[in-house]
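The structure appears right after this line, and notes come after that.
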Amino acid sequence: MARNQTAEPDLGVLAAQVLFSVQKELFVALAEQGFDDIQPRAGAVLAHLRAGGIRASELARASGRHKQVIGSLVDDLERLGYVERKPDPADRRAKLVCPTDRGLLQMETAAAIMRTIEERHAKALGRPEYAAFKSALRCVADLQRKSAT
């Protein structure tokens, strides 16, 4: 039976609409603020990057991407001057992916843009409703992650 075109969109469709719309707004705003050399796919690294560094294997786990994909994205971001690989002080055999000064500036700028986006939605829905929405979405994301493993 064909899917009814007037039916409410399912969780996957809604999640994709939110993701792609937020991602587009974020990267357009980043480009306007001088970060026009990064692509949305770099978000798999940039969204999980920590000021003190993070292992590529942790980036892969956090983003749900393969280690090879993360390695390629880190290579690109390193070439663009956003990250550098450094020895992990906890295990000299391992490397940390660390933001450079430009990477830290991009992280701060992206966080400010995201605060603006979230503030707009909180204002439109009402703060309690937006907080409840985020809490419920976090629970759904956690449940989905657990069922997908």
Side-chain angles (χ1 to χ4, degrees), residues 8-91 94-149:
E8 288 290 316
D10 64 29
L11 175 63
V13 170
L14 289 171
Q17 288 174 344
V18 171
L19 170 65
F20 295 135
S21 179
V22 168
Q23 191 177 57
K24 180 178 180 180
E25 184 174 348
L26 172 63
F27 280 86
V28 166
L30 283 169
E32 289 170 352
Q33 295 187 44
F35 301 99
D36 57 351
D37 54 351
I38 50 176
Q39 299 297 314
R41 62 189 174 90
V45 170
L46 296 172
H48 304 286
L49 196 57
R50 297 181 195 144
I54 184 172
R55 290 182 182 183
S57 59
E58 292 178 65
L59 285 169
R61 192 171 22 262
S63 69
R65 303 287 177 95
H66 292 284
K67 284 194 289 187
Q68 295 86 344
V69 171
I70 293 299
S72 175
L73 292 172
V74 169
D75 289 343
D76 292 345
L77 290 168
E78 192 170 33
R79 195 170 35 259
L80 294 170
Y82 289 93
V83 300
E84 58 188 345
R85 291 176 171 99
K86 294 182 177 180
D88 185 342
D91 180 354
K95 297 277 187 191
L96 290 177
V97 178
C98 300
T100 61
D101 288 343
R102 181 158 175 76
L104 288 170
L105 183 58
Q106 184 279 331
M107 290 168 67
E108 292 168 7
T109 304
I113 294 165
M114 289 306 303
R115 281 191 301 274
T116 300
I117 292 170
E118 290 206 51
E119 178 63 26
R120 183 179 70 235
H121 293 307
K123 192 173 179 182
L125 293 177
R127 295 196 188 292
E129 291 82 358
Y130 187 68
F133 163 74
K134 279 192 67 177
S135 179
L137 187 59
R138 190 176 301 110
C139 288
V140 169
D142 290 343
L143 288 168
Q144 185 59 42
R145 248 190 318 274
K146 288 175 186 171
S147 70
T149 56

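Here the structure is a predicted model, which is why all the values come from computation and not from measurement.
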Practice item. Could you walk me through whether Asp76 and Gln39 pass the side chain to side chain contact (heavy atoms under 4.5 Å, CB included) test, one step at a time? Key: CA-CA 10 Å; Asp76 292 345; Gln39 299 297 314; over 6 Å; no
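- Considering all non-hydrogen atoms of both residues, Val97 and Ala56 come closest at CG2-N, 4.3 Å.
- Within 6.0 Å of CG on Asp142 lie more than 12 heavy atoms contributed by other residues, nucleotides or ligands.
- Gly53 and Pro99 make their closest contact through N-CD, 4.4 Å (heavy atoms, listed as atom of the first residue, atom of the second, distance).
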**Study point:** Intermediate values then yes/no, side chain to side chain contact (heavy atoms under 4.5 Å, CB included), Leu96 and Arg55
**Key:** CA-CA 5 Å; Leu96 290 177; Arg55 290 182 182 183; 3.9 Å; yes
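- Separation of atoms NZ (Lys134) and NE2 (His121) is listed at 10.5 Å; rounding is to 0.5 Å.
- One finds the CG atom of Leu19 at 12.5 Å from the CG atom of Leu14 (value rounded to the nearest 0.5 Å).
- For the pair Thr109 (side chain) and Leu105 (backbone), a donor-acceptor distance under 3.5 Å is present.
- The minimum heavy-atom distance between Ala60 and Lys67, with the atom names listed, is CB-CG, 3.8 Å.
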**Study point:** Test log, rule side chain to side chain contact (heavy atoms under 4.5 Å, CB included), inputs Glu25 and Arg120
**Key:** CA-CA 13 Å; Glu25 184 174 348; Arg120 183 179 70 235; 2.8 Å; yes
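- Between Leu77 atom CG and Ser72 atom OG the span is 9.5 Å, to the nearest 0.5 Å.
- Between the CD1 atom in Ile70 and the CD atom in Glu58 there is a gap of 12.0 Å [rounded to 0.5 Å].
- A salt bridge is absent between Glu118 and Lys123; no separation between the charged side-chain nitrogens and carboxylate oxygens falls under 4.0 Å.
- Side chain of Ser147 to backbone of Gln144: a donor-acceptor contact under 3.5 angstrom is found.
- Minimum interatomic distance between Leu59 and Leu49 (heavy atoms only, all atoms of both residues): CD2-N, 4.2 Å.
- Atom CZ of Phe35 is separated from atom CE of Met107 by 11.5 Å, given to the nearest 0.5 angstrom.
- To the nearest 0.5 Å, the span separating CZ on Arg102 from CD1 on Ile38 amounts to 8.0 Å.
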**Study point:** Chi angles and distances behind the side chain to side chain contact (heavy atoms under 4.5 Å, CB included) call for Val69, Leu73
**Key:** CA-CA 6 Å; Val69 171; Leu73 292 172; 4.1 Å; yes
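- Across every non-hydrogen atom of Cys98 and Gly52, the tightest pair is SG-O, 4.1 Å.
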